[in-house]
Asks: 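Would you mind keeping the following structure in view while I ask a few things?
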Amino acid sequence: MMKRFLYSIMAITIGLVVYGYEYFLDEKERTSGVEVGKQTKKYTNTFLLPISTTNQMIHHENYSLSYSEPHEQAEWVAYELKKEHLTKTRFNRPYFEVDEAVKTGAAHWRNYKKSGYDRGHLCPAGDRTFSKAAYNETFLTSNISPQRHDFNSGIWNTLEQKVRYWAHKYDGVFVVTGGVLKGEMKTIGTEKVAVPNQFYKILIDNNTDKIKMIAFLFPHENSKKPLHEFVVSVDSIEKLTGIDFFPQLEDTLENRLEASSNYKAWRFN
DNA sequence: CTGATCTTC
DNA sequence: GAAGATCAG
C-alpha cells in the first residue's frame with residue numbers, strides 16, 4: 001500500500017519534470033533568436049561572499065568558491081538561488097571535469113572512484129537547471145565533497161529541497177555551503193581528498209528590509225530527525241571553520257543575525 | 001531529487 | 001573514454 005503511494009508520487013514527479021521540459025522548449029521557440037541556454041553574465045554578487053581563508057577565491061559564471069588546496073575541495077561555495085532559477089528542466093548528467101580555474105590544481109574525479117563516497121555537489125545541480133551551461137558548470141571537481149551516499153541522498157537532499165522551497169517562497173535566497181575542513185579527517189584517492197566530518201549550509205534572505213539568516217550543521221551521517229534540530233548560529237560555524245561569512249554586512253546587523261539560532265522566521269512546512 | 005555502475009561501442 | 005541503460009536511497 002505504502003509502496004503504491006510512493007510510486008504514484010514518483011510518477012507525478014516525473015510527469016512534472018517532463019512537462020517542465022516541454023514548457024522550456026516552447027519558451028525557447030517563442031523567443032527564437034534568443035539563446036535561452038546561454039548565460040554570459042559573470043557571477044559577481046560579491047556583497048554577500050565570505051572571506052577566503054585559503055586566499056584562492058574563484059568566480060564561475062553561476063557560483064563562487066574558495067578552494068582549499070590541502071583538502072582538495074572548496075571550503076565554501078556561494079551562490080544566489082533566485083525564484084526564476086527554479087525551472088526543473090531535466091538535463092543529462094555530464095562528466096565531472098577538473099576545474100582549470102584552480103591555480104593549484106583541483107582534485108581529479110578519479111579520487112572519488114570506488115572510494116565508497118559520493119561526489120557530493122556543494123552548489124547542487126538541481127539549483128542550476130535554468131540553462132544547460134549553468135547545470136554543467138556544477139560538475140566541476142571544485143564543487144564537490146566526498147559524501148556518504150545515505151547522507152547525500154538523505155537529510156542533505158532534504159535540506160537542498162527545502163532551500164528550493166524557500167527560494168520560491170521568499171523570492172530568492174543566498175546560499176553558502178561546504179564541509180568543515182578541520183581536525184582529523186579520512187582521505188580518499190591519490191590526491192588525498194579530505195572527507196569532512198561535518199557539513200554546513202547558511203542561508204540569507206536580504207530581499208526585504210527584515211534580513212533573515214539561518215544556518216545548519218550536520219554530522220556527516222544520515223538522520224531521520226527533522227531539519228530544525230540542526231539549526232545553529234552562524235557564529236558557531238565561524239568558530240568551527242575560521243571563516244568570516246558576511247563581512248560586508250553592517251557590523252551591528254551582522255552581529256545580531258549571526259549570533260541567533262532562532263529559526264522562527266523560516267517556515268518549515 | 002541525490003547518486004553509482006554496468007554494457008556497449 | 002563516451003554514452004545510454006539500469007539500479008539504489
Side-chain angles (χ1 to χ4, degrees), chain A residues 2-24 62-63 73-74 77 79 81-83 85-98 100 107-132 134-169 173 175 177-179 186 188-190 193 195-196 198-201 203 216 218-227 230 268-269:
Chain A
M2 191 59 190
K3 231 172 187 177
R4 175 163 296 184
F5 175 71
L6 286 174
Y7 285 144
S8 303
I9 294 292
M10 249 194 251
I12 289 165
T13 304
I14 291 165
L16 285 173
V17 167
V18 169
Y19 175 79
Y21 184 57
E22 285 172 353
Y23 181 81
F24 174 79
N62 293 289
Y63 62 92
Q73 67 197 279
V77 169
Y79 62 98
L81 180 59
K82 297 181 178 178
K83 189 174 180 178
H85 287 160
L86 303 168
T87 63
K88 296 205 170 183
T89 313
R90 193 180 51 176
F91 297 111
N92 288 325
R93 292 171 72 93
Y95 293 97
F96 279 95
E97 288 178 21
V98 175
E100 299 298 338
H108 197 279
W109 54 266
R110 283 201 192 88
N111 291 289
Y112 291 74
K113 186 104 176 172
K114 291 188 174 176
S115 68
Y117 289 91
D118 276 10
R119 303 164 175 104
H121 279 86
L122 293 175
C123 175
D127 283 1
R128 307 282 85 160
T129 55
F130 50 87
S131 81
K132 178 83 172 163
Y135 183 80
N136 286 352
E137 195 180 48
T138 67
F139 286 79
L140 293 172
T141 55
S142 54
N143 185 40
I144 54 175
S145 275
Q147 288 184 328
R148 291 176 49 136
H149 184 68
D150 58 351
F151 173 76
N152 190 19
S153 66
I155 195 162
W156 189 249
N157 185 23
T158 303
L159 177 57
E160 288 177 342
Q161 294 188 43
K162 190 66 76 181
V163 171
R164 291 192 266 275
Y165 165 78
W166 282 325
H168 181 266
K169 187 172 186 59
V173 289
V175 187
T177 194
K186 227 185 300 184
I188 57 170
T190 54
V193 180
V195 181
Q198 293 165 292
F199 286 92
Y200 67 86
K201 196 180 284 286
L203 309 177
F216 296 85
F218 299 93
H220 190 179
E221 62 189 23
N222 196 20
S223 172
K224 299 212 182 305
K225 291 180 187 170
L227 285 177
F230 297 94
F268 277 76
N269 46 27

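Throughout, a chain's letter reflects where its sequence line sits, starting with A, and its residues are numbered from 1. Note that the structure is a prediction, hence the values are computed from the model and not measured.
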Asks: Using a 6.0 Å cut-off, check whether atom NZ of A/K83 has over 12 heavy atoms from anything other than its own residue.
Replies: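 Above 12, so yes.
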
Asks: Reading nucleotides 2-9 of chain B from the 5' end, what letters show protein touch, with B for base, S for backbone sugar-phosphate only, - for no heavy atom under 4.0 Å?
Replies: BBS-----

Asks: On DNA chain C, nearest-nucleotide positions of A/R110 versus A/N92: which is more 5'?
Replies: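 Nearest-nucleotide comparison on DNA chain C picks A/R110.
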
Asks: Establish, for the pair A/K162 and A/Y165, whether the NZ or CZ atom is under 6.0 angstrom from the six-membered ring centre and no further than 45 degrees off its axis.
Replies: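 Cation-pi check for A/K162 and A/Y165: passes.
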
Asks: Output the distance between atom OG1 (A/T158) and atom CG (A/N222), rounded to the nearest 0.5 Å.
Replies: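 Spacing of OG1 (A/T158) from CG (A/N222) equals 7.5 Å.
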
Asks: Once you measure the plane-to-plane angle for A/F216 and A/F218, does it fall in the parallel (<30°), tilted (30-60°) or perpendicular (>60°) bin?
Replies: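 Parallel: the ring planes of A/F216 and A/F218 meet at under 30°.
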
Asks: Mind checking the CG-CZ spacing from A/L81 to A/R128? Nearest 0.5 Å is all I need.
Replies: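 Separation between the atoms: 6.0 Å.
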
Asks: Counting only heavy atoms from other residues, nucleotides and ligands, does the tally under 6.0 Å from CD of A/Q198 exceed 12?
Replies: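 Result for CD/A/Q198: enclosed.
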
Asks: Could you tell me the boundaries of the chain A footprint on DNA chain C, defined by atoms under 4.0 Å from its heavy atoms?
Replies: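 Terminal contacting nucleotides, 5' to 3': C/dG1 to C/dG9.
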
Asks: Would you say the ring centers of A/H108 and A/F96 fall short of 6.0 Å from each other?
Replies: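 No: the rings miss the under 6.0 Å criterion.
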
Asks: Flag the pair A/F151 / A/F199 as yes when their ring centroid distance falls below 6.0 Å, and as no otherwise.
Replies: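 Ring centroids of A/F151 and A/F199 are less than 6.0 Å from each other.
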
